[in-house]
Amino acid sequence: MAGSLRSASGRAALDVRGSPLAEDAELIVSELSANAILHTASGQAYGSFHLAVAVSAQVVALSVTDDGGADTAPKVEHQDQDAEHGRGLGMISAIAHRVVVHHSDQGHTVTAELYADARRGDHLC
């Protein structure tokens with residue numbers, strides 16, 4: 001599965017190369033992919049996850065769809081400072097300008113959008 005993470009992060013980096021959003025995009029894809037592998041059926045021997053990257057002059061949209069099978073849907077958790085897990089989606093929400101979680105019978109899709117003309121922290125939702 002480590003190869004899947006490298007492949008997904010590498011694809012996102014290629015798709016947004018030259019963009020000032022490239023580093024943020026690569027971090028978001030890495031975190032979303034890791035979450036899919038660690039917390040859903042995507043991490044099982046038969047599992048997979050799907051990455052979609054859409055790039056325009058105004059926005060980079062990154063979506064990871066997992067195979068489902070988790071007891072709970074992805075959500076931002078507020079952890080205490082000593083917690084070793086549970087900060088990923090919160091971190092993504094702090095970096096991205098918009099985060100949407102879509103639920104279906106087949107799994108979950110988390111989409112993070114980065115806007116080219118907004119400064120970090122300017123959430124234009």
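What you find for D67 and S48 is that their closest heavy atoms are OD2-N, 2.7 Å. Minimum interatomic distance between V64 and S33 (heavy atoms only, all atoms of both residues): CG2-OG, 4.2 Å. Minimum heavy-atom separation, Y115 to H97: N-ND1, 2.9 Å. Residues N35 and L89 approach most closely at ND2-N, 4.5 Å, considering heavy atoms. I92 and A112 get closest at one heavy-atom pair: CG2-CB, 4.0 Å. Counting all heavy atoms, side chain and backbone alike, A96 lies closest to E113 at CB-O, 3.6 Å.
No side-chain heavy atom of H108 sits less than 4.5 Å from a side-chain heavy atom of H102. Between T111 and V99, every side-chain heavy-atom pair lies at or beyond the 4.5 Å cut-off. Within the 4.5 Å cutoff, side-chain heavy atoms of I95 are placed close to those of L114.
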#### Entry: Full working for side-chain contact (heavy atoms from CB on, under 4.5 Å) between F49 and I37
CA-CA 8 Å; F49 66 92; I37 291 169; 3.6 Å; yes

### Task
Start with the C-alpha distance between V29 and L51, add both sets of side-chain angles, then the distance that settles side-chain contact (heavy atoms from CB on, under 4.5 Å), and finish with yes or no.
CA-CA 8 Å; V29 168; L51 169 66; 4.0 Å; yes

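Placement of M91 and L21 within a single hydrophobic cluster is found when ILVMFWY residues are connected by side-chain heavy-atom separations under 4.5 Å, directly or transitively. Two different hydrophobic clusters hold V110 and L38 under the rule that ILVMFWY side chains link at heavy-atom gaps under 4.5 Å.
Taking CD of E31 as the reference point, atom CD of E26 lies at 13.0 Å (rounded to 0.5 Å). L32 contributes atom CG, which lies 9.5 Å from atom CG of L27 (distance to the nearest 0.5 angstrom).
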